[in-house]
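I have placed the structure first, in the form of structure tokens, so that the comments after it can refer back to it.
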Amino acid sequence: MNSIVNEIKKLKEEKNAVILAHCYQNIEVDEVADYVGDSLYLSQKAAETDADIIVFAGVYFMVQTAKILNPDKKVLLPRMESGCLMADMVNLQQVREFKSKHPNIPTVCYINSTAEVKTECDICCTSSNALNIVKSLQAPQVLFLPDTYLGKWVESQLDGTEVITYPGYCPTHLRIKPEDIIEMKKKYPNAEVLAHPECHKEVVKLADYVGSTTGIMKHAIESDKKQFIISTEKGVVDRLKRDYPEKEFILIKDNIICPNMKWHTLEDIYNALAKEQHEINVDKDVAQKALKCIDRMLEVSKQCQKKA
Ligand code: 13P
Ligand code: SF4
């Protein structure tokens with residue numbers, strides 16, 4: 001086995017550390033990760049862990065969420081550059097302005113948002129539970145931020161709830177155009193098209209299945225089809241190809257790569273753990289308020305998973 005992989009595993013044991021990795025990460029990160037998955041799965045794992053140190057190979061908002069759930073643990077981000085362009089599209093003042101334009105309406109924030117923004121929201125969601133979270137509010141109108149496309153996709157799945165969205169978006173997913181899907185469908189007429197709800201609504205309309213990163217993976221694994229056009233970040237395709245060589249997975253186009261997710265290398269993970277560096281901290285008051293919004297999501301998700 002590769003020596004850096006061995007060194008990281010040794011350090012993990014010595015320091016009682018856990019490594020969480022999002023499935024958009026560079027695939028070699030999986031060799032040392034304890035859990036690999038989507039944002040919901042990783043926040044559930046962060047909430048459950050009894051490790052002393054959490055090394056999070058993901059983007060900043062995911063690591064902040066892990067810290068808020070574990071105020072007494074050391075939470076490390078191997079590369080501090082790993083932000084999320086969508087999360088940076090809304091700040092505290094902007095969420096307040098958005099709410100004041102639409103008063104007395106419950107506010108849902110996508111987990112892709114900062115801790116400060118979460119303090120102003122009633123509940124957060126991820127792409128895999130957004131529909132259940134909005135439904136759980138039983139409100140005729142809901143404010144949703146920052147992702148307008150996820151918010152509008154949720155609205156399209158509901159009977160009568162108006163989802164008023166903030167104009168944020170994911171630049172990586174918006175690179176996928178409806179023409180790309182039409183062209184790929186012509187080229188691979190037997191393939192199923194699987195898309196992330198951060199994609200443009202005209203792309204989502206053309207998909208056979210819409211879901212979170214792990215939703216897409218699960219659907220592809222369970223489907224009787226053999227060929228899939230994947231409309232989300234390349235990391236999903238890399239993992240599907242590695243784990244299911246009997247099926248064919250085609251990335252919708254080559255440049256669907258989130259640069260911020262790709263910062264962390266095995267060396268960065270080793271350095272973070274060895275030097276216990278790049279610790280993420282969240283102001284105590286902010287963390288306490290943001291925790292309510294995150295806890296509420298985890299509770300609703302738990303109830304929905306029990307019923308399923
Ligand atoms: P998931 O909720 O599917 O993990 O998505 C997170 C994300 O940032 C997608 O761009
Ligand atoms: Fe943020 Fe988009 Fe990257 Fe996801 S893919 S982390 S939403 S910039």
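Indexing begins at 1, ligand by ligand and atom by atom, following the structure's order.
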Problem set entry | Heteroatoms of the protein, restricted to N/O/S, which lie under 2.8 Å from atom 2 (Fe) of ligand 2 |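 Metal shell, protein only: C170 SG.
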Exercise. L273 and side chain to side chain contact (heavy atoms under 4.5 Å, CB included): which partner among V32, I53, D268?
Worked result: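 Running side chain to side chain contact (heavy atoms under 4.5 Å, CB included) over V32, I53, D268 with L273 returns exactly one hit, I53.
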Exercise. Within a reach of under 6.0 Å around CD of E14, are more than 12 heavy atoms found that belong to other residues, nucleotides or ligands?
Worked result: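 Buried by this count: over 12 neighbours within 6.0 Å.
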For this session: Would you check if Y60 and I280 make a side-chain contact, meaning some heavy-atom pair closer than 4.5 Å?
Result: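 Yes - at least one pair of side-chain heavy atoms lies under 4.5 Å apart.
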Exercise. Do R239 and Q25 come close enough that some side-chain heavy atom pair is under 4.5 Å?
Worked result: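 Yes, their side chains come closer than 4.5 Å.
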Exercise. Got a sec, which pairs hit salt bridge (charged side-chain N to carboxylate O under 4.0 Å, His left out) with one end in residues 134-152, sequence neighbours left out?
Worked result: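 Only K152-E155 qualify under salt bridge (charged side-chain N to carboxylate O under 4.0 Å, His left out).
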Got a list of side-chain donor-acceptor pairs under 3.5 Å for residues 184-192, not counting sequence neighbours?
from, atom 1, to, atom 2, distance (Å)
K185, NZ, L206, O, 3.0
E192, OE1, S223, OG, 2.7
E192, OE2, H219, NE2, 3.0

Exercise. Would you say the side chains of H264 and S82 form a donor-acceptor pair under 3.5 Å?
Worked result: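 Yes, a side-chain donor-acceptor pair sits under 3.5 Å.
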Exercise. Under 3.5 Å, is there a donor-acceptor pair linking the side chains of T265 and Y270?
Worked result: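 Looking only at side-chain atoms, Y270 and T265 do not form any donor-acceptor pair under 3.5 Å.
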Problem set entry | Close-range residues for ligand 1, whose non-hydrogen atoms fall below the 4.0 Å threshold |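 The 4.0 Å shell around ligand 1 contains H22, Y24, D38, S39, Y110, N112, S127, H173, H196, E198, S212, T213.
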For this session: Using the salt bridge (charged side-chain N to carboxylate O under 4.0 Å, His left out) rule, take K241 and E248 through it: C-alpha gap first, then chi angles, then the decisive distance, then the call.
Result: CA-CA 7 Å; K241 281 186 175 169; E248 189 184 0; over 6 Å; no
